[in-house]
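Read through the structure below, which is laid out as structure tokens, and then see the notes.
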Amino acid sequence: TLEYNLNKEGYLTRVAPDGESAMAEACRSPLPDLVLLDLMLPDVSGKEICRRLRAAEETKHIPIIMVTARGEEMDRVIGFEVGADDYVVKPYSPRELMLRVKAILRRVSSTDEGETEKLKFGGLTVDTLGHRVWINDDEVILTALEFRLLTTLLERKGRVQTRDKLLDDVWGFDAVVTARTVDTHVKRLREKLGSLEHYIETIRGVGYRFRERES
């Protein structure tokens, strides 16, 4: 069903029946622009495949949408923590999923077409074209969504961004994405920023702000 709907929208697809073959397909040239990943696979769990994709140099920046019947909040949190960019729970409408696919691909495309200069703030360096981030000269691996969230906050430093605003500008499609999703991604992004986590400030009852000055 997914393959049919994706092909109908004009996408070229590759299908894998299990985790190991999915990993092989994801690493095969040409690399996919996006991965739809089930959690409940017959051999290796989808969470483990997500971890592997994020750890591999050639696939670490590929957006991943988890498509699964496991819809508990903890499952969603774990999915985001291992690197998923979006999380869709079955049953879902094919139209909704196609909108989410388009939104993520549009975000990635807009980042690629954006400024090529590196953004620098204190110990943080962001290469907007290369989708790469360094903290004090050490590279940090971010998912496509985490990267978009970071650059959005950084480019608007000193200005408060509400959760709804971030949902519109970072996620691009917010029909069923909640404010909790924003909080989860900000938490994970802060963890990856390590000693620079204080660069992202919480404005209680409003949203988040990237600090205006280094100190």
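Transitive grouping of hydrophobic side chains (ILVMFWY, heavy atoms separated by less than 4.5 Å) brings Val186 and Ile135 into a common cluster. Hydrophobic cluster membership differs between Ile141 and Leu154, with clusters built from Ile, Leu, Val, Met, Phe, Trp and Tyr side chains linked at under 4.5 angstrom. Under the 4.5 Å side-chain heavy-atom criterion for Ile, Leu, Val, Met, Phe, Trp and Tyr, Val140 and Phe121 are members of the same hydrophobic cluster. Residues Val35 and Val44 share a hydrophobic cluster, clusters being chains of Ile/Leu/Val/Met/Phe/Trp/Tyr side chains in contact below 4.5 Å. The hydrophobic cluster containing Val101 does not contain Val15, counting ILVMFWY residues as joined when their side-chain heavy atoms lie under 4.5 angstrom apart, directly or transitively.
Between atom CZ of residue Arg28 and atom OG1 of residue Thr59 there is a gap of 14.5 Å, rounded to the nearest 0.5 Å. Atom CZ of Arg148 and atom CG of Leu145 lie 9.5 Å apart (nearest 0.5 Å). Going from atom OG of Ser93 over to atom CG of Leu97 covers 8.0 Å, rounded to the nearest 0.5 Å. Atoms CG and CG, from Leu12 and Asn7 in turn, are 7.5 Å apart once rounded to the nearest 0.5 Å.
Between Arg100 and Asp85 there is no salt bridge, since no side-chain nitrogen of the basic residue lies less than 4.0 Å from a carboxylate oxygen of the acidic one. Ionic pairing of Glu212 and Arg159 is not present here: no N-O contact between side-chain nitrogen and carboxylate oxygen is shorter than 4.0 angstrom.
Looking at Tyr11 and Lys102, their side chains come closer than 4.5 Å, going by heavy atoms from C-beta outward. When side chains are defined from C-beta on, Glu20 counts as touching Arg52, because their heavy atoms get closer than 4.5 Å. Using a 4.5 Å heavy-atom cutoff, the side chains of Glu197 and Glu191 are not in contact. Put simply, the side chain of Arg211 does not reach to within 4.5 Å of the side chain of Lys157, judged on heavy atoms. Side chains of Ile49 and Leu41 form a contact here, defined as non-hydrogen atoms less than 4.5 Å apart. Counting heavy atoms from C-beta on, the side chains of Tyr4 and Leu6 never come closer than 4.5 Å. Residues Leu153 and Leu166 are in side-chain contact: their nearest non-hydrogen atoms beyond the backbone lie under 4.5 Å apart. Taking the side chain as every heavy atom from C-beta outward, Met98 and Asn5 approach each other to under 4.5 Å.
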| task | Apply side-chain contact (heavy atoms from CB on, under 4.5 Å) to the pair Asp38 and Val67, showing each step before the final yes or no. | result | CA-CA 5 Å; Asp38 201 330; Val67 183; 5.8 Å; no
| said: Show, in sequence, the C-alpha distance, side-chain angles and deciding distance for Thr202 and Arg190, and conclude whether the side-chain hydrogen bond (donor to acceptor under 3.5 Å, both in side chains) test is met. | reply: CA-CA 11 Å; Thr202 300; Arg190 280 173 168 158; 2.7 Å; yes
| said: Run the side-chain contact (heavy atoms from CB on, under 4.5 Å) test on Ser45 and Leu39 for me, step by step, so that the C-alpha distance in whole Å, both residues' side-chain angles and the decisive distance to 0.1 Å come before the verdict. | reply: CA-CA 6 Å; Ser45 74; Leu39 281 180; over 6 Å; no
| Asp183 and Arg188: salt bridge (Lys or Arg N to Asp or Glu O under 4.0 Å), yes or no, with the steps? | CA-CA 9 Å; Asp183 296 337; Arg188 180 164 174 78; over 6 Å; no
| message | For a side-chain contact (heavy atoms from CB on, under 4.5 Å) check, start with the C-alpha distance between Val133 and Asp127, then their side-chain angles and the critical distance, and finish with the verdict. | response | CA-CA 6 Å; Val133 175; Asp127 179 355; over 6 Å; no
| Derivation of the salt bridge (Lys or Arg N to Asp or Glu O under 4.0 Å) call for Glu139 and Lys60 | CA-CA 13 Å; Glu139 187 170 2; Lys60 64 184 181 183; 3.5 Å; yes
| said: Please determine whether side-chain contact (heavy atoms from CB on, under 4.5 Å) holds for the pair Thr13 and Leu36, giving the CA-CA distance in whole Å, both sets of side-chain angles, and the decisive distance to 0.1 Å. | reply: CA-CA 10 Å; Thr13 57; Leu36 293 171; over 6 Å; no
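The environment of Glu57 atom CD is sparse: at most 12 non-hydrogen atoms of other residues, nucleotides or ligands sit within 6.0 angstrom. Counting non-hydrogen atoms of other residues, nucleotides and ligands closer than 6.0 Å to NZ of Lys90 gives a total above 12. The number of heavy atoms from other shown groups lying within 6.0 Å of NZ (Lys165) does not exceed 12. The neighbour count for Asp43 CG, taken as heavy atoms of other residues, nucleotides or ligands under 6.0 Å away, is above 12.
Checking side-chain atoms of Glu25 against main-chain N and O of Ala22 turns up no donor-acceptor pair under 3.5 Å. Distance alone, capped at 3.5 Å, places no donor-acceptor pair between the Arg163 side chain and the Tyr208 backbone. Judged by distance alone, with hydrogens and angles left aside, the side-chain atoms of Tyr199 form a donor-acceptor pair with the main-chain N or O of Gly123 at under 3.5 Å.
For Thr125, the side chain to side chain contact (heavy atoms under 4.5 Å, CB included) partners are Lys118, Lys120, Trp134, not counting sequence neighbours.
What you find for Ile104 and Pro63 is that their closest heavy atoms are CG2-CB, 3.4 Å. Looking at every heavy atom in both residues, Asn136 comes nearest to Ser195 through ND2-OG, 4.3 Å. What you find for Ala26 and Leu53 is that their closest heavy atoms are CB-CD2, 3.6 Å. The two residues Arg132 and Phe147 have their closest heavy-atom pair at N-CE1, 3.7 Å. When all heavy atoms of Met66 and Gly46 are compared, the pair lying nearest together is CE-O, 4.2 Å. Residues Gly83 and Cys50 share a closest heavy-atom pair of C-SG, 3.8 Å.
Grouping Ile, Leu, Val, Met, Phe, Trp and Tyr residues whose side-chain heavy atoms lie under 4.5 Å apart, directly or via other members, places Val160 in a hydrophobic cluster with Ile203, Val206.
A donor and an acceptor atom, one from each side chain of Arg14 and Ser21, are nowhere located under 3.5 Å apart. Residues Arg209 and Gln161 have side chains that never bring a donor and an acceptor to within less than 3.5 angstrom of each other.
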